[in-house]
Q: 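Before we start, here is the structure in question, set down as structure tokens.
Residues: numbered from 1 along the sequence shown. As the structure is a prediction and not an experimental result, all values here were calculated from the model.
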Amino acid sequence: MAAAEAAVVSSSLETDTARVPETAGTAAATAATSSATAAAAAVATAARTGSEATASKAALATKLLSLSGVFAVHKPKGPTSAELLNRLKEKLLAEAGMPSPEWAKRKKQTLKIGHGGTLDSAARGVLVVGIGRGTKMLTSMLSGSKRYTAIGELGKATDTLDSTGKVTEEKPYDKITQEDIEGILQKFTGNIMQVPPLYSALKKDGQRLSTLMKRGEVVEAKPARPVTVYSLSLEKFQPPFFTLDVECGGGFYIRSLVSDIGKELSSCANVLELTRTKQGPFTLEEHALPEDKWTIDDIAQSLEHCSSLLPAELALKKSKPEESNEQVLSCEYITLNETKGEEDRIKAS
């Protein structure tokens, strides 16, 4: 009976379905037909959507690999400059759908990204980033001027010269006045000599001083070296805290400055908060991209906007790779492998 009904339904469907009363078999067959049609449509839609998504990722990957120049990001407190660069790189590769089997085959195409001047993990502010051929321009960021807002704390010295370290000394500060601080700032302005902090990225026998210090090894302070302070002013004084606005050249340490100011006042001091508000032509307010803007399109727009900020001699066609023992990290990636480390150089290619 079931077979007969099916045959009738099939035959009737070929002629005039309106004349056939709906039975259980008829409903089941109709539902099956509808389900098959819907499934086929879903498969076609999924294939089309998957194809479009693949094409979109391929376009993004091509666009990412074409990015070249220098831009700035906003580094928050917490991560090191190298960790932040890794985070940026991973977000960009993930957006472009890389690495993938197709990407892994393209051995000659690499994503180069680097930063032009380390910020302490406890500091925030402008971090200049080079991408593509822009990594060759980063050494110029080391010698260019930088501007900082620093909040110092009188009465306490630490081994790192900032609030992240262990307190090594405490001295009274209650007799220090605003006039006292303003009166000594001239001594720290212009071309001066400065002893770098022991906890720094400077190296001894190929290893960072900060790494050696953390291991508990005995490290001798580096000799004083010439640095330049273009401007230095006291913005606020609310004991024990004082706020400085500093514009300086490359190789200058704000932590050393604050420590030296404390000593000059017959007390001691450490850095409580540090913000880099400007590096070269890049400012925190106008140019530094927050993390929610770390997309391929946003960076492409920023590169276009920032290209006019750079002097003519830094044009990409004229730029030449240089080596530096300062704070530049350059990475060349094909996959999401671990970075090559915080090497303080620009890789020539």
Side-chain angles (χ1 to χ4, degrees), residues 52-76 79 81-100 103 106 109-119 123-142 144-147 275-319 328-334 336 339 346-347 349:
E52 290 173 352
T54 300
S56 177
K57 290 292 186 182
L60 283 172
T62 299
K63 186 172 184 178
L64 174 59
L65 291 172
S66 71
L67 297 180
S68 191
V70 180
F71 63 104
V73 297
H74 185 170
K75 177 196 171 300
S81 298
E83 289 169 346
L84 195 76
L85 200 66
N86 283 338
R87 188 187 302 175
L88 170 64
K89 176 260 302 184
E90 289 173 0
K91 286 175 72 73
L92 293 176
L93 291 180
E95 182 186 357
M98 300 186 292
S100 65
W103 165 245
R106 300 163 71 179
Q109 302 206 41
T110 59
L111 173 64
K112 288 186 177 182
I113 190 167
H115 69 71
T118 297
L119 266 177
R124 58 182 291 269
V126 177
L127 184 68
V128 175
V129 176
I131 191 167
R133 288 179 293 160
T135 56
K136 298 178 181 181
M137 304 163 66
L138 292 176
T139 49
S140 64
M141 295 298 148
L142 297 173
S145 68
K146 305 171 181 67
R147 193 163 191 166
T275 302
R276 183 154 67 195
T277 58
K278 186 174 182 287
Q279 182 174 4
F282 302 95
T283 64
L284 181 60
E285 294 79 9
E286 187 177 356
H287 306 109
L289 295 176
E291 189 163 356
D292 61 355
K293 296 288 187 181
W294 293 359
T295 68
I296 295 171
D297 285 341
D298 284 320
I299 289 175
Q301 292 178 15
S302 183
L303 287 170
E304 183 176 356
H305 174 61
C306 293
S307 62
S308 62
L309 301 175
L310 300 171
E313 59 267 23
L314 289 181
L316 289 176
K317 291 183 179 180
K318 296 181 181 180
S319 63
V328 177
L329 172 67
S330 181
C331 307
E332 184 175 343
Y333 300 100
I334 294 179
L336 282 173
T339 68
I346 291 178
K347 183 173 180 178
S349 61

Q: Look up atom CG in Leu85 and atom CD in Glu90, then write down how far apart they are to the nearest 0.5 Å.
A: 10.0 Å
Q: Taking Thr62 for its side chain and Ala58 for its backbone only, find out whether a donor-acceptor pair lies under 3.5 Å.
A: yes
Q: Side chain of Lys75, backbone of Ala123: donor and acceptor closer than 3.5 Å?
A: yes
Q: Of all the heavy-atom pairs spanning Cys306 and Phe71, show the shortest one and how long it is.
A: SG-CA, 4.4 Å
Q: I need the Asn86 CG to Ser81 OG distance, nearest 0.5 Å.
A: 11.0 Å
Q: How long is the gap from NZ on Lys91 to NZ on Lys293, to the nearest 0.5 Å?
A: 12.5 Å
Q: Does atom CD (Glu304) have a neighbourhood of more than 12 heavy atoms from anything else shown, all under 6.0 Å?
A: no
Q: In Å and rounded to the nearest 0.5 Å, what is the CG to NZ distance from Leu119 to Lys146?
A: 10.0 Å
Q: At what distance, to the nearest 0.5 angstrom, does OG of Ser145 lie from CD of Gln279?
A: 9.0 Å
Q: State, to 0.1 Å, how close Gly134 and Ser68 come at their nearest heavy-atom pair, and which atoms those are.
A: N-OG, 3.8 Å
Q: Might you point out which heavy atoms bring Asp298 and Thr295 nearest each other, and give the distance in Å?
A: OD2-OG1, 2.9 Å
Q: After noting the C-alpha distance and the side-chain angles of Glu291 and Arg87, does the key distance pass the salt bridge (Lys or Arg N to Asp or Glu O under 4.0 Å) rule?
A: CA-CA 9 Å; Glu291 189 163 356; Arg87 188 187 302 175; 3.1 Å; yes
Q: Strictly by modelled atom types, are Arg124 and Thr275 linked by a side-chain donor-acceptor pair under 3.5 Å?
A: yes
Q: Which heavy atom of Ser308 sits nearest to which heavy atom of His305, and what is that distance?
A: OG-O, 3.3 Å
Q: Side chain to side chain contact (heavy atoms under 4.5 Å, CB included) between Leu303 and Ile131: does it pass, once the steps are laid out?
A: CA-CA 9 Å; Leu303 287 170; Ile131 191 167; 4.0 Å; yes
Q: List the atom of Gly97, the atom of Lys57, and the distance in Å for their closest heavy-atom pair.
A: N-CD, 3.9 Å
Q: Shortest non-hydrogen contact from Leu64 to Leu92?
A: CD2-O, 3.7 Å
Q: Which one of Leu127, Leu84, Val126, Leu284 satisfies the side-chain contact (heavy atoms from CB on, under 4.5 Å) criterion with His74?
A: Leu284
Q: State the CD1-CD1 distance between Ile299 and Ile113, to the nearest 0.5 angstrom.
A: 6.5 Å
